[in-house]
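Some notes on the structure that comes next.
Naming convention: chains lettered A, B, ... in sequence-line order (proteins, then strands); numbering from 1 in each chain.
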Protein chains: 2
Amino acid sequence: MNSPDFDTLLNFFKVLANENRLKLVGILSQTECSVEDLAARLHLKEPTISHHLMKLKELNLVEMRSQGNTHFYKLNGDTLSYLNKSLFTSEQMANWTKDIPTEAWEEKVLRSYINSDCLIEIPASRKKRLVILKWLVNKFDLGRTYTEKEVNEILKRYHPDSATLRREFIGYKLMKRDKGIYERLAENLWQSEREIMKQKN
Amino acid sequence: MNSPDFDTLLNFFKVLANENRLKLVGILSQTECSVEDLAARLHLKEPTISHHLMKLKELNLVEMRSQGNTHFYKLNGDTLSYLNKSLFTSEQMANWTKDIPTEAWEEKVLRSYINSDCLIEIPASRKKRLVILKWLVNKFDLGRTYTEKEVNEILKRYHPDSATLRREFIGYKLMKRDKGIYERLAENLWQSEREIMKQKN
DNA sequence: AGACTAATTAGATATAATTCTAATTAGAAA
DNA sequence: TTTCTAATTAGAATTATATCTAATTAGTCT
């Protein structure tokens with residue numbers, strides 16, 4: 001029995017996020033009831049109760065049994081305990097976000113600072129600058145070295161202030177410099193975003 | 001640590017019964033995020049995110065930490081697991097209904113068939129008739145016997161058709177008859193409502 | 001068959017929730 | 001100080017939800 005997906009769970013919360021429906025669940029957990037009876041207990045009209053019971057039934061939270069004209073409803077405890085079982089484990093919640101791209105914000109930053117592959121301006125905020133620098137450092141090959149002149153030449157294709165950008169590469173640990181020779185660093189050596197954010201803007 | 005009450009739980013469902021808020025919980029369970037970042041990921045404006053985060057914060061579902069201008073939010077896992085722990089036990093749910101009177105429907109029936117202590121009409125439906133008869137049988141003392149004539153006299157105070165009512169007392173097992181002598185039966189000997197409903201109207 | 005009962009469906013209205021824009025606040029940088 | 005940035009608050013507009021009355025359906029009783 002696998003755990004419920006995002007939509008099922010959302011639906012579950014929506015159905016239970018109503019005072020009278022939650023009370024219905026409470027009542028039906030104790031006893032089997034007719035629509036008329038439930039209407040009297042909650043001081044609502046029968047159509048309203050029917051409407052709520054429909055929503056509960058769609059989720060299999062209640063079961064119905066007919067006896068003549070009367071429809072008796074009761075709780076389906078199995079469904080409840082199934083839904084209730086470890087809904088909020090980390091893995092479970094990670095699943096909900098699987099269709100939400102993590103890089104949405106970075107893409108937005110790139111779109112707003114880069115026009116037809118050219119850097120319009122160097123962002124003032126440290127966080128946004130990192131996004132731009134990560135994009136720029138991709139223009140350099142991994143595993144080969146560059147002289148300062150070479151680095152400047154490549155950077156100038158994107159922005160005139162190559163000196164600042166070159167210095168920032170070092171500051172953000174996207175590149176290392178040894179005796180005037182530059183080399184791109186692997187992603188796992190970069191300063192974590194978390195570390196960067198601990199500093200001031 | 002006692003379990004949450006009805007209102008807390010209802011609030012919990014209301015807060016989680018929203019697609020974007022549930023997604024926020026999902027994202028924040030994986031990583032700490034700024035408002036700006038969350039807005040980009042969910043394609044919503046910052047004020048909207050702020051608004052949702054407020055609701056989550058009121059329930060202690062998220063925590064906030066400031067760093068300069070930026071507010072970083074993350075999930076408060078403790079609250080989640082507290083709320084998630086055995087919400088739907090029978091005892092728990094029984095608690096929700098403690099302020100809902102069980103007899104609401106019976107009272108409604110009484111109100112509609114009895115006017116200033118007089119029975120307007122004998123209900124056609126078996127279920128409602130039982131309610132009326134239970135009310136009527138209270139007019140007789142427990143532990144003493146009545147002749148048929150005495151029973152009729154008392155019943156006539158409430159409704160002219162005493163014969164029918166008297167016969168129904170026997171049918172519903174609210175009274176017993178032995179050689180023309182009637183006696184009221186204790187409640188625990190009555191036919192259960194469940195039994196009565198198994199019969200047709 | 002016709003009358004009655006309980007439940008449901010349809011449609012209208014009232015209430016609540018979501019989301020936006022614009023204005024405001026608080027902190028950081030120039 | 002002034003400017004900029006990120007977050008929040010206020011207020012309006014859209015959208016969704018809950019509830020009711022009236023009409024319909026299905027089952028019973030006479």
Side-chain angles (χ1 to χ4, degrees), chain A residues 10-11 13-24 33-40 42-58 62 64-73 105 108-109 112-113 121-129 197-201, chain B residues 10-11 13-24 33-40 42-58 62 64-73 105 108-109 112-113 121-129 131 164 197-201:
Chain A
L10 178 59
N11 231 301
F13 287 132
K14 283 196 175 178
V15 166
L16 262 44
N18 173 275
E19 176 170 352
N20 288 318
R21 272 196 299 268
L22 196 53
K23 282 183 182 169
L24 283 178
C33 269
S34 69
V35 176
E36 190 181 19
D37 192 349
L38 293 168
L42 295 188
H43 307 290
L44 292 172
K45 302 295 173 184
E46 275 119 31
T48 308
I49 299 292
S50 262
H51 170 249
H52 286 320
L53 288 171
M54 262 331 191
K55 297 205 160 191
L56 292 170
K57 211 165 72 169
E58 279 166 18
V62 301
M64 193 265 273
R65 136 186 106 82
S66 291
Q67 205 163 91
N69 256 345
T70 314
H71 293 182
F72 287 97
Y73 284 85
W105 176 76
K108 198 181 143 196
V109 172
S112 60
Y113 281 92
E121 176 192 10
I122 301 176
S125 101
R126 183 172 286 275
K127 222 179 343 174
K128 293 179 180 172
R129 217 152 59 227
M197 287 321 121
K198 277 195 185 141
Q199 302 164 35
K200 298 291 174 188
N201 273 348
Chain B
L10 178 59
N11 231 302
F13 287 132
K14 283 197 176 178
V15 166
L16 261 42
N18 173 276
E19 178 170 351
N20 289 318
R21 271 194 302 267
L22 196 53
K23 282 183 182 169
L24 282 177
C33 269
S34 69
V35 176
E36 189 182 22
D37 192 349
L38 292 168
L42 295 188
H43 307 290
L44 292 171
K45 303 294 173 185
E46 275 119 29
T48 309
I49 299 291
S50 261
H51 171 248
H52 286 321
L53 288 171
M54 261 335 200
K55 297 204 157 188
L56 292 171
K57 212 166 72 171
E58 278 166 16
V62 300
M64 193 265 274
R65 136 185 105 82
S66 290
Q67 205 161 90
N69 256 344
T70 314
H71 294 182
F72 287 97
Y73 285 85
W105 177 76
K108 198 181 144 197
V109 172
S112 60
Y113 281 92
E121 176 193 9
I122 302 176
S125 102
R126 183 173 286 274
K127 223 180 339 175
K128 292 180 180 172
R129 218 152 59 227
V131 176
T164 297
M197 288 320 121
K198 277 196 186 142
Q199 302 164 33
K200 297 295 174 186
N201 273 349

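- For B:Asn69, counting side-chain heavy atoms from C-beta on, the closest listed nucleotide (C:dG27, D:dG27, D:dA7) is C:dG27.
- Separation of atoms CG (B:Asn20) and CD1 (B:Ile49) is listed at 7.0 Å; rounding is to 0.5 Å.
- Contact check for A:Val62 versus A:Leu24: no side-chain heavy atoms found under the 4.5 Å cut-off.
- The CZ atom of B:Phe13 lies 6.0 Å from the CG atom of A:Leu22; values are rounded to the nearest 0.5 Å.
- Between B:Phe13 atom CZ and D:dA18 atom C1' the separation is 19 Å, expressed in whole Å.
- Rounded to whole Å, the distance from CD on A:Glu58 to P on C:dT8 is 13 Å.
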Using a cut-off of under 3.5 Å, enumerate the N/O to N/O pairs linking the protein to nucleotides 11-15 of chain D.
none

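- The side chain of B:Tyr73 lies closest to D:dT8 when the candidates are C:dA7, D:dT8, D:dA6.
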What nitrogen or oxygen pairs link the protein and nucleotides 17-21 of chain C at under 3.5 Å?
residue, atom, partner, partner atom, Å
C:dT18, OP1, B:Asn18, ND2, 2.9
C:dT18, OP1, B:Arg21, NH2, 2.8
C:dT18, OP2, B:Arg21, NH1, 3.4
C:dT18, OP2, B:Lys55, NZ, 3.2
C:dT19, OP1, B:Asn20, ND2, 2.8
C:dT19, OP2, B:His52, NE2, 2.5
C:dC20, OP2, B:Lys45, N, 3.2
C:dC20, OP2, B:Thr48, OG1, 2.8

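- One finds the CD atom of A:Glu58 at 8.0 Å from the CG atom of A:Asn11 (value rounded to the nearest 0.5 Å).
- We find the CG-OG distance between A:Asn69 and A:Ser34 to be 11.5 Å, quoted to the nearest 0.5 Å.
- Rounded to an integer number of Å, the gap from A:Arg129 CZ to C:dA28 C1' is 13 Å.
- Among pairs with a residue in residues 45-54 of chain A, those fulfilling side chain to side chain donor-acceptor pair (under 3.5 Å) read A:Arg21-A:His52, at least two apart in sequence or across chains.
- Between the CZ atom of A:Arg65 and the C1' atom of C:dA6 there is a distance of 15 Å, given to the nearest Å.
- Distance CD (A:Gln67) to P (C:dT5): 18 Å, rounded to an integer number of Å.
- Among the protein residues, B:Ser66 comes within range of no part of the nucleic acid, since none of its heavy atoms lies under 4.0 Å from any strand.
- Once rounded to the nearest 0.5 Å, the distance linking CG of A:Asp37 with OG1 of A:Thr70 reads 10.5 Å.
- Every side chain to side chain contact (heavy atoms under 4.5 Å, CB included) that B:Thr164 has, sequence neighbours left out, goes to B:Ile122, B:Asp161, B:Arg167, B:Glu168.
- Atom CD in B:Glu46 sits roughly 18 Å away from atom P in D:dA10 (whole-Å rounding).
- Computed from coordinates, the B:Glu36 CD to C:dA26 C1' distance equals 16 Å when rounded to whole Å.
- Every residue two or more places apart in sequence or in another chain that forms a salt bridge (charged side-chain N to carboxylate O under 4.0 Å, His left out) with A:Lys23 is listed here: A:Glu19.
- Across the protein-nucleic acid pair, B:His71 atom NE2 and C:dA26 atom C1' stand 8 Å apart, rounded to whole Å.
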